[in-house]
Number of protein chains: 2
Amino acid sequence: MSDHADTAPVESNDALGVRRRDRAATEARILDAARRILARDGFLGFGVNALAAEAGCDKKLIGRYFTDLDGVLEALGGALGFWLGDVPEVPPKGDYGERMAALFQAYATALRADPVLQQILAWELIQPSAVLQRLETVRSRAVALWMARVRGDTAPPPGVDAPAVNAVLLAALHYLTLRQRTLQGFAGLDLASTEGQARIDDAMLAILRLAYSQERSPT
Amino acid sequence: MSDHADTAPVESNDALGVRRRDRAATEARILDAARRILARDGFLGFGVNALAAEAGCDKKLIGRYFTDLDGVLEALGGALGFWLGDVPEVPPKGDYGERMAALFQAYATALRADPVLQQILAWELIQPSAVLQRLETVRSRAVALWMARVRGDTAPPPGVDAPAVNAVLLAALHYLTLRQRTLQGFAGLDLASTEGQARIDDAMLAILRLAYSQERSPT
DNA sequence: TAAGAATGTCCCCAGACGGAGACAACGACG
DNA sequence: CGTCGTTGTCTCCGTCTGGGGACATTCTTA
């Protein structure tokens, strides 16, 4: 009808808000599909064809908008506070040991609730592509900042290599979480049962308490 | 010459010991090639075609002799004392804590020296096929027996969930070893450097000592 | 020696993969 | 209204995968 649509020039379209051709919406659907595939099938099911099918679009568009599967991953990682950005903030109370214990609990909860992150952590051990290494850097920086924030001005007892102890416990958490996803047993413990889970958690907390209790005699 | 070759009926062949058609030798070459591929490229490069090329034989023979790639894996796992069978025996001396410390050191050394085992541990986290689960069972049983042998009649201090603590430390060792193979950094520590390695080892030993020292007050 | 089984080689098959070219439909803009 | 860039669809290509059929060669046994 030749209405000089200056009032809504860019977004003008259907009477409803839906557009049949909308690049932004398509990109979002592709990213959603990517998250879904990674969470469900992991990187083995993460291909161009499968992604296009899951997103309900042509695979050509994946190449056009993200160049690559790596591009999709990059976009996934760059999106919003993806990496523990919205992790439950830990109240910085108590001494170093108590704060680290609280932080570990929060981290464990966040990790166990995020299947995509789990898949990425597992795949890093198989094929650390350039993209995954970049994401790893971002992630580890975010975690380091988070730890520093929680730690505040408290300090571990002298004579303890706190970074090393923390690394050991984080490593254990990672491995046991990844393993529980598929094998559900390790070293005689049943990781799937709530009882086994509790024993593991208790052991990690006990180690934290032992290592960081202030009344220890250094050396 | 119609020599009634009853003296060496089965193995009779060329004047030299080499046979041009020798199923056993071919199977051995295939298994060797499999180990080589797994150590070098991991499970991503582990295919029928690649295996045949590496072994220098036709891929048809793989199917004939092992049915499957899974069959190759099964044969690999069943072969001789593959799973830590030839691990350096740990002298059972000292109390529970000292013995566990020695065992951890031996286990760490064996694991770090075995790239195939590392690849299997990593792949278990990605796709635990039926074969890998079977191998896992055998492996974990072997480790459990080993631990029991080293432990002897010693006991951990009361009030400590020793299996859980051991599981945590073993999990950490697994993860850090797998990670060092590809990413060489974790939680701010440089796993590749001997210094970082030493800090990790020291931290794990310190945790062991803390958890299992006898003069602790239980609870 | 003759027959038959075992071993090894070559070639083909259907299917999935990532990628790209050709083209249709739609929207913005002059 | 006409043009042009964007968005989306369809189709084909080369490659690799695991698998198997047909066949030559060698070894063992009758």
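Lettering follows sequence order; numbering is per chain, from 1.
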Task: Tyr65(B) side-chain N/O to dG8(C) phosphate OP1/OP2 under 4.0 Å - done: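 For dG8(C), OP1/OP2 do have a side-chain N/O of Tyr65(B) under 4.0 Å.
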
Side-chain donor/acceptor pairs under 3.5 Å, residues 64-73 of chain A, sequence neighbours excluded:
none

Open item on the list: I need the full list of ring-ring contact (aromatic ring centres under 6.0 Å, His included) pairs touching residues 112-144 of chain A, with sequence neighbours left out, sorted by first then second residue.
Closed with: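 Found Phe43(A)-Trp123(A).
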
How many Å lie between [atom1] on [X] and [atom2] on [N], as a whole number?
X	N	atom1	atom2	value
Phe66(B)	dG20(D)	CZ	P	17 Å
Arg64(B)	dA6(C)	CZ	P	10 Å
Arg29(B)	dG8(C)	CZ	C1'	10 Å
Asp22(A)	dA28(C)	CG	P	10 Å

TODO: Check side-chain hydrogen bond (donor to acceptor under 3.5 Å, both in side chains) between Arg199(B) and all other residues, then give those that pass, not counting sequence neighbours.
DONE: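 Scan of Arg199(B) (side-chain hydrogen bond (donor to acceptor under 3.5 Å, both in side chains), adjacent residues dropped) gives Asp161(A).
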
Open item on the list: I'd like to check the side chain to side chain contact (heavy atoms under 4.5 Å, CB included) partners of Asp202(B); sequence neighbours left out, ordered by chain and number.
Closed with: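 Expected list: none.
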
- [ ] With sequence neighbours excluded, tell me which residues meet side chain to side chain contact (heavy atoms under 4.5 Å, CB included) with Thr182(A).
- [x]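 Per chain and number, Thr182(A) pairs via side chain to side chain contact (heavy atoms under 4.5 Å, CB included) with Pro128(B).
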
Open item on the list: Within the supplied structure, the quantity of interest is the number of heavy atoms (other residues, nucleotides, ligands) at a distance under 6.0 Å from Arg40(B) CZ; does it exceed 12?
Closed with: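 Atom CZ in Arg40(B) is packed in, count exceeds 12.
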
Task: Close approaches to DNA chain D from residues 44-63 of chain A, in residue order (heavy atom, under 4.0 Å) - done: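 Nucleic-acid contacts, sorted: Asp58(A), Lys60(A), Leu61(A).
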
